[in-house]
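Note that this is a predicted model, so its numbers are computed, not measured. The figures here come from the full heavy-atom set of this structure, side chains too, leaving out hydrogens, waters and symmetry mates. Quick note on labels: first sequence line is chain A, next is B, and so on, each numbered from 1.
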Amino acid sequence: MEYNFREIEKKWQTQWKESNAYKVSNISDKPKYYVLDMFPYPSGAGLHVGHPLGYIASDIFARFKRLKGFNVLHPMGYDAFGLPAEQYAIEHGIHPAISTENNINNFRAQLDKIGFCFDWDREVKTCDPKYYKWTQWIFLQLFNSYFNRHTQKAESIDSLIKIFEAEGNVNHPCPGDATIEFEKDLWKSFTDEYQQVVLMHYRLAFCGYGEVNWCEALGTVLANDEVVNGVSERGGHPVVKKKLRQWYLRITEYADRLLQGLQTVDFSDAMKEMQTNWIGKSTGAEITFDIQNTNQKLTVYTTRPDTIFGVDFMVVAPEHELVKHITTAEQKNEVEKYLHYVNSRSERERMAEKKITGCFTGAYAINPFNAKPIPVWISEYVLAGYGTGAIMAVPCGDERDFKFAKHFNIPITNIIGDYFNGEEANATKEATLTNSDFLNGIVMKDAIELVVNQLETLGIGKKKINYRMRDAAFSRQRYWGEPFPIKWKDGTAYPLSENELPLLLPEVDTYSPGPEGEGPLANIPEWVAKELETNTMPGYAGSSWYFLRYMDPHNDARFCDRKVSDYWNQVDLYIGGTEHAVGHLLYSRMWTKALYDLGFIGYDEPFKKLLNQGMIQGSSRFVYRLTGVLVPDLNDNNNTFFSSKNHFDKYQNKVAENKRELFELINSVLPSKYSKELIEIGEFILTPLHVDVNIVDGYELNIEEFKKWRNSEYANAEFILEDGSLYNSESTSKYICGAEVEKMSKSKFNTVNPDDLVAKYGADTFRMYEMFLGPVEQSKPWDTKGIEGVHRFLKKLWRLFFDELKGKVWNEEKATTEELKVLHKTIKKIEDDTERFSFNTAVSAFMVCVNELADLKCNKREVLEPVLIMLVPYAPHIAEELWKALGNTGSILDATFPTFESKYVAESTKEYPVSINGKLRTTLSLDINISQPEVEPIVLANETVQKWLEGKAPKKIIFVKGKMINVVI
RNA sequence: GCCCAUGUGGCGGAAUUGGUAGACGCGCCAGACUCAAAAUCUGGUAUUCGCAAGGAUGUGAAGGUUCGAUUCCUUUCGUGGGCACCA
C-alpha cells in the first residue's frame with residue numbers, strides 16, 4: 001500500500017466539506033481563540049508560493065489550538081474594492097464586480113487545494129452591499145461624533161451641540177480651525193449653515209479641502225502610502241499635488257491613544273517603533289517672531305527652544321502664506337522662479353532630494369530676546385503640512401541647517417563652544433551654552449524649560465506638543481469603492497438616515513473620471529440630481545473593521561452583535577506582512593477605538609498579537625547566451641549558443657586559454673571557420689538571460705523543455721555543457737544555470753505556482769515545506785528542489801504504518817521505554833515550537849522523530865497515534881487517513897493533543913562536555929544528580945584532562961550542573 | 001541621509017536563559033538493489049594538517065567583557081527592507 005496523496009487529499013477535503021468540519025459556532029463552552037490573516041486583495045495574477053506562507057502558519061496555529069481544546073475562529077474573505085479592478089474595467093470595459101468575482105473564484109480554488117480550515121460560511125467581501133451597508137453605517141457614526149479631549153474619547157456630535165449652546169466652545173477648542181472661537185450667544189446667532197461648517201471642523205469623519213496626491217491617469221487621489229517614488233503604487237502613473245474637496249478621518253485626535261495602546265499589544269518592537277515614528281509625537285515650543293519693517297509675524301515650531309540664540313536664519317515652506325507678504329521687491333523675481341521650480345516637483349521628489357535648494361525672501365525676522373535680525377529663506381525641505389510650516393535654523397546644532405548655511409554662505413553662530421568644530425553640526429543637549437545672552441553657562445537640556453517659560457511670560461510663544469501624523473484622507477475620485485451615505489444641500493453635507501442604507505453603488509457607462517477631477521459617479525445624471533456625494537471611500541474603509549464582521553457575518557440588524565463581539569473579543573493572533581504597518585494597522589486601530597468609545601464593542605485594540613511573516617524571495621536561474629565581437633556568425637539567430645555556467649565563470653576570469661578552448665569548440669560547429677588570428681583578437685560576450693525556473697531542476701537546465709520555451713524561440717540553439725562538450729541526445733554532461741536571489745516576479749521568470757507543487761507532491765508536503773524553509777518572520781529565498789526532502793519524510797512516516805509489499809505493519813504491541821522517550825521528547829518539542837511559532841524547527845522535530853522510530857523499527861499504535869495527532873496542524877490529510885486506518889471512527893481534527901510526561905524523558909546520566917580553558921577536549925558520562933565535590937576527582941582522574949594538565953594542578957574547575965565542566969589551567 | 005532588520009558549511013537553516021557550533025533538509029561523494037536508468041535504501045560530508053590517533057582554525061571584520069561568546073558591549077563593513085531632509 002503506497003502513500004497515494006492525491007487520492008487521500010481529495011477524499012478528505014470532500015469529506016470535511018460535507019461534514020462541515022470547519023464550521024465554527026458562536027456558542028461554546030470552550031475557551032475561544034481568534035486567528036486572523038490579513039485581508040487579501042484578490043488580484044488577477046493568482047497566487048505564487050510566497051502568498052500562502054502566512055495562511056499556512058495561521059492554519060497550523062488554528063488547528064493546533066483546536067486540538068488543545070479551543071473554539072477557534074479562523075475566517076477568510078476578500079478586500080474586494082480596489083484600483084486594479086477599476087483599472088482593468090477602464091482598459092477592458094469589464095465591470096469590476098465581474099472581474100473581481102472571477103479573481104475571487106480563482107483565489108478560492110487555489111486556497112482550497114492547500115487544505116485550509118477556514119469556515120467559509122463566514123466569508124465576507126467588502127464589495128457586497130450586505131457588507132458595505134455597515135461600512136457606511138460606521139462612517140455615519142464617525143460623522144456624527146467628535147473627539148472630546150477632556151474625556152479622551154469619541155462622543156456624539158449632539159452632545160457637543162448642547163455644550164455649544166450652554167458655553168460656546170471655550171472649553172472645546174476647534175481641532176479643525178483653531179481660529180474659530182465663540183460664546184454660547186454667538187453660537188445661537190450662527191445660521192444653520194454656519195453651524196454645520198463649525199461642526200464639520202469637529203466631526204471624526206469630515207469634509208475639507210486639502211492638497212492631495214492627484215493622479216491624472218487614474219483620475220483619483222492616492223494616500224501617501226500608495227504613492228511610490230512619485231508614481232502610483234498600482235499602475236505606476238505620475239502623481240502631482242492638487243487641491244480638492246476631500247473626506248478625512250480625524251485620526252490625529254487619537255494620536256495619544258494610538259501611542260498608549262501600543263503598550264497593551266504584542267507587536268514586534270520594530271512594528272511599534274514604525275507606528276510610533278509615524279505618529280511622530282514631539283514636545284517643543286511655538287515661537288512667534290516679528291518681521292522687520294512690517295506688521296507680519298512668523299510662527300515657527302522647534303523642539304529645541306534652548307538654541308534660540310543660535311538661530312542664523314529662518315526657513316519657511318514655499319507654500320507658506322507669509323511668503324507673498326514678506327518677499328521684498330528686489331527678491332520677488334528670484335522667489336517666483338524658485339516657487340515655480342518647487343511647484344513642478346512632487347512631494348516625494350522634494351523629500352528625496354539631496355541637493356540643497358532655497359531662496360532668500362529679502363525679509364528679516366527679529367529675535368525677540370536680542371533684537372538680532374534673522375534672514376528669512378524659503379526651501380523645499382520645509383513642508384507646509386508639518387508644525388507651522390516654518391523652522392528656525394540653528395546651523396551649529398542641526399546638520400541640515402548647517403549644510404544649508406554652508407551652501408548659501410550664511411554666517412554661523414556657535415552657541416555650544418568646543419562641542420562645535422566648524423566642520424559639522426552637533427545635535428548635543430549636553431553642551432553649556434555660550435553666545436546666548438541670559439542662557440550663557442546653562443546646560444542645553446536645562447535651558448529648554450527656561451526658554452519656554454520666558455516665551456510664555458513674554459507672550460511670544462508657548463509649549464507645544466506636535467504630531468507628525470496628519471488626518472487620513474478618506475475619499476477617492478473613483479468608482480469601485482463604497483459610496484458615501486451623504487447628501488449635499490447648498491454646500492452643506494447631510495448624512496443619510498440609517499434606513500436608507502445601503503446606498504448602492506450604481507451602474508455606470510464609463511469608469512473614467514467625472515468633470516473637474518470628480519469621480520465617475522459625477523457622470524451619472526440621476527446620482528447628481530439626488531445631490532449625492534460623488535466621491536467613494538478608499539480601500540482601507542472596508543478593511544478597517546472586517547475582523548468584527550467575521551464574528552457575525554450574516555447579521556442584518558447590526559454590524560456585529562455586541563454579545564458575539566464580547567465572546568470572540570480581540571483577534572488573538574493576527575498574521576500578515578509588514579507592508580500594512582502604518583496604513584491598515586493604524587486605521588483599524590482607530591476605528592476600533594471609536595467603536596469602543598461609542599459603546600458598540602467592548603475593547604479598544606483590535607489585535608492582541610501581531611505576527612509578521614517574511615517575504616519569500618525568488619531564486620532566479622540564468623542561461624548564458626554567447627555573442628561575439630568580431631565573431632559575426634554568433635550574432636544571428638541561426639547560430640544561437642548557450643554556455644553552461646562553468647564557462648561563464650571561467651571566461652569572466654579572462655584566461656586566454658579558456659577563450660581559446662571556447663573558440664575551438666564553436667569553430668568546430670560553425671559553418672564558417674575563424675582563423676587563428678581572429679581567435680586571438682575576437683571577444684565573446686556572455687549575456688545572462690532569465691530562464692523559467694520551472695524548466696530547471698535545481699541548477700540543471702532541461703534542454704528539451706528549454707527548446708520549446710517561448711514558442712520555441714531557441715529550438716535550434718546549441719548548448720555548451722559543463723564539461724565543454726556540445727549537447728546532443730546522448731550527452732552525459734549537464735547544462736548548469738547561474739542563480740541569483742531576487743524579488744519573485746513574473747518578469748524574472750522565477751515565480752512558482754503552488755498548484756503545480758500541490759499536484760506533484762500533495763498539499764501536506766507543500767504545507768510542511770513552506771514552513772520548513774525557515775522562520776516565518778524572516779525573508780528567505782524559495783528553493784523548489786528542497787521540497788523532495790519533506791515529501792520523503794511523509795513517505796517514511798507512511799512506511800511506519802504500511803509496507804509496499806507486506807501491507808499493514810502497524811501493531812498493538814506495548815511500547816518500550818526508549819520508544820516512549822522518543823514520543824515524549826517529540827511532544828514537548830512540537831508543542832513548544834508551535835506555541836512560539838517556530839514552525840520550521842517543529843517540522844524538523846517530526847523528521848527526527850520518524851527517523852528515530854524507523855531506526856527502532858517501532859510500528860506500534862501506542863506511539864504512532866499521538867504522533868499523528870501532533871501532525872494534524874501541519875499535514876492534516878495524511879494524519880486523518882492514517883488515523884482512520886488505525887480504526888478510529890471520529891475525525892482526528894477533534895482529537896486531543898497528547899500530553900507530555902516528563903517521566904518518560906528523565907535521564908539518570910548526562911554526557912557532560914569537559915573543556916580545558918574553554919575548549920572542548922572530551923566528554924564524561926556522569927550521574928545527573930552529581931555535585932561539584934564529587935565531580936572534581938572524576939574529572940582530574942580523566943586521561944585526557946591529565947594529558948592537558950601535564951602534571952600541574954588546575955587553577956579552577958567550573959561545574960554547571962546539567963550543562964558542562966570547564967577545567968581552567 | 002535617517003531608521004529598522006540581518007550576516008553561521010556549497011545552499012535553506014539549527015543552537016529557546018552566556019555553556020558540546022553546524023540539528024533537520026537540499027546538494028554533493030561512495031555503496032546496495034538493477035541488464036541499465038529512475039525511484040528507494042545505507043554510509044560519509046565546515047575548513048585544514050595528519051596513514052591514524054590527534055591537533056589547528058572557524059558563526060561578515062577588528063577589539064572588549066567572561067573560566068567560557070553565534071549569543072553581551074564598542075567600532076566597522078556588507079546585504080535586505082522602510083522613510084517623512086520632520087525641525
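Going from the P atom of B:rG78 to that of B:rG27 covers 35 Å, rounded to whole Å. Taking the C1' atom of each, B:rC26 and B:rC35 are spaced 31 Å apart, rounded to whole Å. B:rU57 and B:rU8 have their C1' atoms separated by 15 Å, given to the nearest Å. The C1' atoms of B:rG58 and B:rU48 are separated by 10 Å, rounded to the nearest whole Å. Straight-line distance between the P atoms of B:rG25 and B:rA46: roughly 15 Å, to the nearest whole Å. When the P atom is compared between B:rA15 and B:rA23, the two are found 12 Å apart, to the nearest whole Å. Taking atom P on both B:rG7 and B:rC73, the two are 14 Å apart, rounded to the nearest angstrom. Atom P of B:rA37 sits at a distance of 12 Å from the matching atom of B:rG31, rounded to the whole Å.
If you check B:rC67, B:rG27, B:rC86 against the side chain of A:Lys785, the one that comes closest is B:rG27. Distance from the side chain of A:Thr303 is smallest to B:rA87 among B:rA14, B:rA87, B:rG25. Closest to the side chain of A:Arg836, out of B:rU16, B:rG13, B:rA87, is B:rU16. The listed nucleotides are B:rG54, B:rG13, B:rG25; the one nearest the side chain of A:Lys947 is B:rG54.
The interatomic distance linking A:Leu53 (CG) with B:rG12 (C1') rounds to 14 Å, in whole Å. Remark: C1' of B:rG25 and CZ of A:Phe839 are 19 Å apart, rounded to the nearest angstrom. With rounding to whole Å, A:Lys795 atom NZ is found 15 Å from B:rG25 atom C1'. At whole-Å resolution of the value, CG in A:Asn851 and P in B:rU40 are 14 Å apart. Rounded to whole angstrom, the span from the CD atom of A:Glu777 across to the P atom of B:rG13 amounts to 13 Å. Between the P atom of B:rA5 and the CE atom of A:Met615 lies a distance of 17 Å, rounded to the nearest Å. Taking atom CD of A:Glu380 as the reference point, atom C1' of B:rC86 lies 15 Å away to the nearest angstrom. Following rounding to the nearest Å, A:Asp697 (CG) and B:rA38 (P) show an atom-to-atom distance of 12 Å.
When heavy atoms are screened at a 4.0 angstrom cut-off, A:Arg792 is found touching the sugar-phosphate backbone but no base atom. As judged by a 4.0 angstrom heavy-atom cut-off over every strand, A:Asn840 is placed among residues touching the sugar-phosphate backbone only. Among the heavy atoms of the strands lying under 4.0 Å from A:Asp833 is at least one base atom, whether or not backbone atoms are also near. At the heavy-atom level, A:Lys919 lies under 4.0 Å from the strands shown only through sugar-phosphate atoms. Here A:Lys961 lies out of heavy-atom contact (under 4.0 Å) with every strand.
The glycosidic torsion of B:rG25 lies more than 90° away from 0, placing the base in the anti range.
The partner of B:rC86 is absent, by the rule that a Watson-Crick or G-U pair needs both atom distances under 3.5 Å. Using the Watson-Crick or G-U wobble rule with both distances under 3.5 Å, B:rA46 pairs with B:rU57. Pairing for B:rG80 is with B:rC4, a Watson-Crick or G-U wobble pair whose two hydrogen-bonding atom distances lie under 3.5 Å. Base pairing of B:rG31: its partner is B:rC41, meeting the Watson-Crick or G-U wobble criterion (both donor-acceptor distances under 3.5 Å). Base pairing annotation: B:rU70 forms no Watson-Crick or G-U wobble pair, as no partner gives both donor-acceptor distances under 3.5 Å. Pairing for B:rG9 is absent, with no Watson-Crick or G-U wobble pair whose two atom distances lie under 3.5 Å. A 3.5 Å limit on both hydrogen-bonding distances identifies no Watson-Crick or G-U partner for B:rA14.
Residues A:Glu273 and A:Asp832 both approach RNA chain B. Their nearest nucleotides, taken by heavy-atom distance, put A:Glu273 toward the 5′ side. A residue-by-residue look at A:Thr302 and A:Tyr699 shows that A:Tyr699 has its nearest nucleotide of RNA chain B further toward the 5' end.
With rounding to the nearest 0.5 angstrom, the CD atom of A:Glu2 is 13.0 Å from the CZ atom of A:Phe802.
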message = Would A:Ser282 and A:Thr303 count as a side-chain hydrogen bond (donor to acceptor under 3.5 Å, both in side chains) here? Give the steps.
response = CA-CA 7 Å; A:Ser282 67; A:Thr303 53; over 6 Å; no

request  = Check the pair A:Thr841 / A:Ser844 against side-chain hydrogen bond (donor to acceptor under 3.5 Å, both in side chains), numbers first and verdict last.
outcome  = CA-CA 5 Å; A:Thr841 53; A:Ser844 69; 5.7 Å; no

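Among residues two or more places apart in sequence or in another chain, the side chain to side chain donor-acceptor pair (under 3.5 Å) test is passed with A:Arg799 by none. Under the side chain to side chain donor-acceptor pair (under 3.5 Å) criterion, A:Thr834 pairs with A:Tyr874, not counting sequence neighbours.
At least one side-chain nitrogen or oxygen of A:Arg799 sits closer than 4.0 Å to the OP1 or OP2 atom of B:rC41. Put simply, A:Arg921 has a side-chain N or O that comes within less than 4.0 Å of OP1 or OP2 on B:rA56. Between A:Trp278 and B:rC4, a side-chain N or O to OP1/OP2 separation shorter than 4.0 Å is absent. Not one side-chain nitrogen or oxygen of A:Lys955 sits closer than 4.0 Å to the OP1 or OP2 atom of B:rG68.
Formation of a donor-acceptor pair under 3.5 Å by the A:Asn367 side chain with backbone atoms of A:Ile308 is found in this model.
Screening residues 782-792 of chain A for side-chain hydrogen bond (donor to acceptor under 3.5 Å, both in side chains), with sequence neighbours left out, gives A:Asp697-A:Lys785, A:Tyr761-A:Glu788, A:Thr765-A:His791, A:Trp782-A:Thr784.
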For a quick test of your reading: what N or O donor-acceptor pairs under 3.5 Å do the side chains of residues 958-969 of chain A make, sequence neighbours left out?
residue  : atom : partner  : partner atom : Å
A:Asn966 : OD1  : A:Asn917 : N            : 3.4
A:Asn966 : OD1  : A:Gly918 : N            : 2.9

Only distances under 3.5 Å count here; give the side-chain donor-acceptor pairs of residues 772-781 of chain A to other protein atoms, sequence neighbours excluded, each with its distance to 0.1 Å.
residue  : atom : partner  : partner atom : Å
A:Ser779 : OG   : A:Met615 : N            : 3.1
A:Lys780 : NZ   : A:Pro775 : O            : 2.7
A:Lys780 : NZ   : A:Gln778 : O            : 3.2

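Remark: of the listed residues A:Val376, A:Val300, A:Val382, A:Val382 is the sole one forming a side chain to side chain contact (heavy atoms under 4.5 Å, CB included) with A:Val315.
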Contact list (N/O, under 3.5 angstrom) for nucleotides 17-20 of chain B vs protein:
residue : atom : partner  : partner atom : Å
B:rU20  : O4   : A:Glu911 : O            : 3.4

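For the pair A:Lys272 and A:Phe267, the cation does not sit on the ring face, since its NZ or CZ is not both under 6.0 Å from the ring centre and inside 45° of the axis.
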